[in-house]
Amino acid sequence: MLVERAFAEPVVRPDLADRVGGREDVTFADLVRLVVPGTAGNETMDVREIGSETAEDLEPASMATLRLTAVPVRSGGQDRMALLLDFGRGRDVVGLAILALFDVAGEPRLLDAANVASGDHTYFLDPTRLTVGIGDDLLAIGSKHANSSQGYTTVPLVLLRNDRLELVDMIFAFDERTCAYERTQRLDLQQSAQEPFSDIVATVTELTTPSGHDCGKAPVPEAGTRTITVTYRWDAGEHRYIPDSDAFDALARESEGRF
């Protein structure tokens with residue numbers, strides 16, 4: 001089976017005043033207003049969490065922290081724009097970052113939007129986009145929170161289908177650093193050529209490196225690398241991607257035991 005590495009789609013990090021796609025009549029501020037229709041001091045958004053159909057009232061802690069990232073995508077064979085609005089923190093949630101899908105061919109239309117954050121820093125991964133279907137893309141997003149010794153990253157894989165944001169899976173990665181060792185988990189995405197949707201091959205590589213320091217009686221794990229791979233295949237009957245194992249769930253439970 002031919003396996004192709006997911007390609008990196010260039011992303012842009014626009015300012016609010018920047019023009020969309022070279023147009024003179026539409027700026028990124030116009031797109032943001034479709035997501036955040038309130039006035040200053042009342043920035044409540046009626047938006048769902050990714051993977052849920054229930055809309056909630058979400059409000060950023062501050063509009064001043066807003067970071068924008070945009071990438072051209074395709075859904076249903078149509079050219080679209082995905083815009084990530086990373087507010088950092090919300091007033092009532094730890095992380096707030098809205099992934100919004102737009103049709104910008106004419107008068108801009110907001111097609112779908114969802115909160116994809118679990119931490120206070122949310123961003124598109126590299127590679128950002130996989131062309132998994134004939135005219136349908138998948139986006140990979142990272143959302144991270146860290147303290148002095150641990151880092152927690154959640155990776156939503158989001159399929160753009162029928163102008164909707166469909167959650168394929170939420171992959172968790174955990175980093176930790178102690179006196180005795182450092183352990184990291186990194187995600188790699190590949191795709192294999194299939195129809196109507198490509199298989200998605202996700203691999204988490206865990207690297208453990210002893211520090212060599214004298215840490216008293218602290219346990220020191222052996223140096224080593226292990227890989228955990230899950231393949232997502234399109235189920236035509238269910239109309240969704242299904243993983244071939246629960247290995248990532250087991251890894252997340254194992255990592256939670258080290259919090």
Side-chain angles (χ1 to χ4, degrees), residues 1-9 11 48-54 71-80 82 84 99 101 111-118 122-143 152-174 184-207 225-256:
M1 179 184 296
L2 176 65
V3 176
E4 302 172 345
R5 181 173 176 80
F7 67 91
E9 176 69 23
V11 300
R48 63 190 175 93
E49 298 284 343
I50 191 67
S52 170
E53 295 301 321
T54 303
V71 61
V73 295
R74 287 176 66 78
S75 176
Q78 302 297 313
D79 291 332
R80 302 301 190 215
L84 184 63
L99 178 63
L101 183 64
L111 303 173
D112 197 13
N115 183 27
V116 293
S118 61
T122 304
Y123 48 92
F124 285 124
L125 294 184
D126 182 13
T128 297
R129 188 185 74 161
L130 285 74
T131 301
V132 295
I134 303 174
D136 294 288
D137 291 339
L138 179 136
L139 294 175
I141 300 154
S143 189
Y152 319 89
T153 302
T154 301
V155 178
L157 302 179
V158 181
L159 177 65
L160 312 179
R161 191 172 75 97
N162 298 328
D163 284 336
R164 292 281 292 171
L165 306 174
E166 299 183 2
L167 180 66
V168 173
D169 201 1
M170 195 88 74
I171 303 171
F172 179 73
F174 178 59
T184 60
Q185 295 176 351
R186 296 292 180 265
L187 175 67
D188 178 72
L189 295 175
Q190 299 183 0
Q191 65 186 109
S192 61
Q194 300 286 344
E195 292 185 0
F197 289 95
S198 301
D199 289 353
I200 304 165
V201 183
T203 300
V204 171
T205 300
E206 181 181 88
L207 176 63
T225 301
R226 65 166 173 161
T227 58
I228 300 94
T229 298
V230 172
T231 299
Y232 300 87
R233 294 189 171 92
W234 184 256
D235 187 303
E238 295 286 338
H239 301 288
R240 64 186 180 94
Y241 274 103
I242 295 179
D244 66 354
S245 79
D246 63 352
F248 286 159
D249 292 334
L251 178 64
R253 290 192 296 270
E254 177 187 317
S255 296
E256 288 169 5

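Please read these numbers as outputs of a predicted model, since none were measured by experiment.
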Exercise. Find out whether I200 and D169 are in side-chain contact, i.e. whether some heavy atom of one side chain is under 4.5 Å from a heavy atom of the other.
Key: no

Quiz item: Is L139 close to V73 at the side-chain level, that is, under 4.5 Å between some pair of heavy atoms?
Solution: yes

Quiz item: Quick one: side-chain hydrogen bond (donor to acceptor under 3.5 Å, both in side chains) partners of D163, sequence neighbours excluded?
Solution: S75, R80

Self-check item: Candidates T54, L165, N115 - the one meeting side chain to side chain contact (heavy atoms under 4.5 Å, CB included) with R48
Solution: L165

Quiz item: Can you name the residues that form a side-chain hydrogen bond (donor to acceptor under 3.5 Å, both in side chains) with Y152, not counting sequence neighbours?
Solution: N147, Q150

Exercise. Mind checking salt bridge (charged side-chain N to carboxylate O under 4.0 Å, His left out) for D246 and listing every partner two or more places apart, or none if nothing turns up?
Key: none

Self-check item: D137: salt bridge (charged side-chain N to carboxylate O under 4.0 Å, His left out) partners, not counting sequence neighbours
Solution: R129

Quiz item: Under 30°, 30 to 60°, or over 60°: which ring-plane class applies to Y241 and F197, parallel, tilted or perpendicular?
Solution: perpendicular

Exercise. For residues T122 and V116, determine if any side-chain heavy atom of one lies less than 4.5 Å from a side-chain heavy atom of the other.
Key: yes

Quiz item: Can you tell if the side chain of W234 reaches within under 4.5 Å of the side chain of L159, non-hydrogen atoms only?
Solution: yes

Quiz prompt | Sub-4.5 Å side-chain heavy-atom contact between L101 and R164 | solution = no

Quiz item: If we only count heavy atoms from C-beta on, is the I134 to P196 side-chain gap below 4.5 Å?
Solution: no

Quiz item: Between I141 and L125, is any pair of side-chain heavy atoms under 4.5 Å apart?
Solution: no

Quiz item: What residues, two or more places apart in sequence or in another chain, satisfy side-chain contact (heavy atoms from CB on, under 4.5 Å) together with A250?
Solution: R253

Self-check item: Which residues share a salt bridge (charged side-chain N to carboxylate O under 4.0 Å, His left out) with R226, sequence neighbours left out
Solution: E206, E254

Quiz item: Who pairs with I242 by side-chain contact (heavy atoms from CB on, under 4.5 Å), at least two apart in sequence or on another chain?
Solution: D235, E238, R240

Self-check item: Residues that T184 engages under side-chain contact (heavy atoms from CB on, under 4.5 Å), provided they are two or more places apart
Solution: D175, E182, R186, L207

Quiz item: In chain order, what residues pass the side-chain contact (heavy atoms from CB on, under 4.5 Å) check against S255, with sequence neighbours excluded?
Solution: F172, F174, Q185, L251, R258

Exercise. With sequence neighbours excluded, tell me which residues meet salt bridge (charged side-chain N to carboxylate O under 4.0 Å, His left out) with R161.
Key: E166

Quiz item: Should T231 and V201 count as side-chain neighbours, where that means a heavy-atom distance under 4.5 Å?
Solution: yes

Exercise. May I ask you to decide whether R74 forms a salt bridge with D79, counting only side-chain N to carboxylate O separations under 4.0 Å?
Key: yes

Quiz prompt | T229: partners by side-chain hydrogen bond (donor to acceptor under 3.5 Å, both in side chains), with sequence neighbours left out | solution = T203

